[in-house]
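What follows is one structure encoded as structure tokens, with my remarks underneath.
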Amino acid sequence: MLIYACVSGHGFGHGSRTASVLIALRALRPDWHLVVSSTLPEAFLTTALEAARAIPGAGRIGRRLCRWDVGVVQADALGADAPATLVALEALERQLSATLAAEVAWLSDQGEAVLVLADVPPAAAQLARALGAPLAWLANFGWEAIYGAMGPAFAPWAEAALGLYRQGDLLLRCPWRCRWTGTCRRWPWGSPAARRIWTPAPCVASWGCRRTQAAACW
């Protein structure tokens with residue numbers, strides 16, 4: 001089994017949370033092949049995943065340098081640069097098809113069953129669909145919630161993100177979440193009315209919370 005984690009490069013929070021999940025998976029299944037696909041710095045990922053590498057008998061953790069989302073371009077430590085964000089979104093859209101083609105080819109060459117784990121680039125849905133692989137979202141918000149509050153120019157991007165978020169098989173909702181407007185669906189049926197089952201799970205984030213919830217759609 002290959003777990004391919006598409007991780008936002010917007011800050012270190014997404015990477016820290018995903019690393020916690022991968023460490024837990026590594027402890028349960030050290031034979032699984034873990035891959036982190038992101039623009040996050042190598043030094044950060046090395047530190048965040050140190051505990052996973054220390055598990056006896058563990059396989060390797062691969063790295064794919066891919067940009068899957070923009071998030072928001074920062075004007076400063078707290079402010080957003082909306083015009084620069086729009087430019088970055090358009091640039092991402094132009095290169096995304098090449099990224100998807102390259103990663104589909106690489107993953108196909110691995111000869112393993114794949115699960116895509118995403119925190120929380122919408123384009124991960126396109127990758128999972130191209131592979132015919134299951135997709136698990138890991139998030140306390142989606143970019144549609146952010147873009148939806150940034151004005152009319154961002155409305156098409158918010159709508160596109162929402163459409164992709166609705167294509168997942170599993171949503172792992174983390175504490176202190178924004179309102180999630182995506183619909184987790186079990187496909188290929190794609191039923192618009194998904195029944196949700198809520199179960200307690202260990203904390204999968206690195207900021208000291210004790211519990212989170214997993215929403216499984218049937």
Side-chain angles (χ1 to χ4, degrees), residues 1-66 68-69 71 103 107 110 112-125 127-128 131 133-142 165 167-178 180 182 184-186 196-218:
M1 171 64 75
L2 190 157
I3 307 297
Y4 186 93
C6 293
V7 185
S8 175
H10 183 262
F12 293 157
H14 301 277
S16 296
R17 181 165 56 202
T18 301
S20 296
V21 172
L22 295 180
I23 290 168
L25 284 173
R26 175 50 52 87
L28 291 169
R29 292 299 303 261
D31 56 313
W32 282 2
H33 183 184
L34 307 180
V35 175
V36 178
S37 183
S38 180
T39 56
L40 286 168
E42 185 66 35
F44 165 77
L45 290 174
T46 298
T47 300
L49 292 165
E50 184 177 1
R53 294 186 177 90
I55 294 172
R60 65 188 178 92
I61 299 177
R63 171 75 192 273
R64 301 290 291 175
L65 185 59
C66 299
W68 293 106
D69 69 357
E103 293 312 285
L107 285 162
Q110 304 311 300
E112 299 179 79
V114 177
L115 181 141
V116 178
L117 174 68
D119 187 349
V120 62
L127 177 65
L131 291 166
L135 167 63
W137 298 111
L138 173 65
N140 62 341
F141 70 90
Y165 287 143
Q167 297 177 32
D169 297 279
L170 179 69
L171 167 61
L172 299 173
R173 280 181 169 175
C174 298
W176 305 299
R177 61 183 182 267
C178 298
W180 183 272
C184 179
R185 299 178 178 182
R186 185 180 182 184
R196 294 181 179 179
I197 296 177
W198 299 90
T199 57
C203 177
V204 295
S206 61
W207 0 269
C209 59
R210 296 191 177 186
R211 299 175 71 184
T212 186
Q213 293 178 311
C217 295
W218 298 76

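Just so it is clear, the model here is predicted, and its values are computed rather than measured.
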Can you confirm whether [X] sits close enough to [Y] that some side-chain heavy atom of one is under 4.5 Å from a side-chain heavy atom of the other?
{"X": "Arg17", "Y": "Asn140", "value": "yes"}
{"X": "Ile61", "Y": "Leu22", "value": "no"}
{"X": "Leu170", "Y": "Pro134", "value": "no"}
{"X": "Thr46", "Y": "Glu42", "value": "yes"}

Give me the atom names and distance for the closest heavy-atom approach of [X] to [Y].
{"X": "Ala5", "Y": "Thr18", "result": "CB-CG2, 3.9 Å"}
{"X": "Pro121", "Y": "Trp68", "result": "CB-CB, 3.5 Å"}
{"X": "Ala27", "Y": "Ile55", "result": "N-CD1, 3.5 Å"}
{"X": "Cys66", "Y": "Glu103", "result": "SG-CD, 3.5 Å"}
{"X": "Gln167", "Y": "Leu135", "result": "O-CD2, 4.3 Å"}
{"X": "Ala48", "Y": "Ile23", "result": "O-CD1, 3.4 Å"}

Checklist line | Modelled atom types, side-chain donor and acceptor of Gln110 and His33, under 3.5 Å | finding: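 Checked: Gln110/His33 side chains show no N/O donor-acceptor pair below 3.5 Å.
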
Check: Just by modelled atom types, is the Leu172 backbone N or O under 3.5 Å from a matching donor or acceptor in the Trp137 side chain?
Finding: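 No; judged by distance alone, with no hydrogens or angles, the pair does not exist.
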
Next item on the list: Check for a donor-acceptor pair, side chain of Arg26 on one end and backbone N or O of Ala51 on the other, with a separation under 3.5 Å.
Entry: no

Next item on the list: Given side chain to side chain contact (heavy atoms under 4.5 Å, CB included), test Leu117 with Leu138 step by step and report yes or no.
Entry: CA-CA 7 Å; Leu117 174 68; Leu138 173 65; 4.2 Å; yes

Note to self: side chain to side chain contact (heavy atoms under 4.5 Å, CB included) for Val116 and Cys6? Distances and angles first, verdict last.
What the structure shows: CA-CA 7 Å; Val116 178; Cys6 293; 4.2 Å; yes

Next item on the list: Please name all residues satisfying side-chain hydrogen bond (donor to acceptor under 3.5 Å, both in side chains) with Ser8, sequence neighbours left out, ordered by chain then number.
Entry: Asp69

Atom [atom1] in [X], atom [atom2] in [Y]: separation rounded to 0.5 Å?
{"X": "His10", "Y": "Leu40", "atom1": "NE2", "atom2": "CG", "value": "11.0 Å"}
{"X": "Ser20", "Y": "Leu49", "atom1": "OG", "atom2": "CG", "value": "9.0 Å"}
{"X": "Asp169", "Y": "Leu115", "atom1": "CG", "atom2": "CG", "value": "8.0 Å"}

Notebook entry, point to check: side chain to side chain contact (heavy atoms under 4.5 Å, CB included) between Arg64 and Val36: does it pass, once the steps are laid out?
Noted result: CA-CA 6 Å; Arg64 301 290 291 175; Val36 178; over 6 Å; no

Margin query: Taking the ring centre of each residue, are Phe44 and His14 less than 6.0 Å apart?
Written below: no

Next item on the list: With sequence neighbours excluded, tell me which residues meet side-chain contact (heavy atoms from CB on, under 4.5 Å) with Leu107.
Entry: Leu2, Tyr4, Val114, Leu127, Leu131

Note to self: Please determine whether the number of non-hydrogen atoms from other residues, nucleotides or ligands lying under 6.0 Å from atom CD of Glu50 exceeds 12.
What the structure shows: no

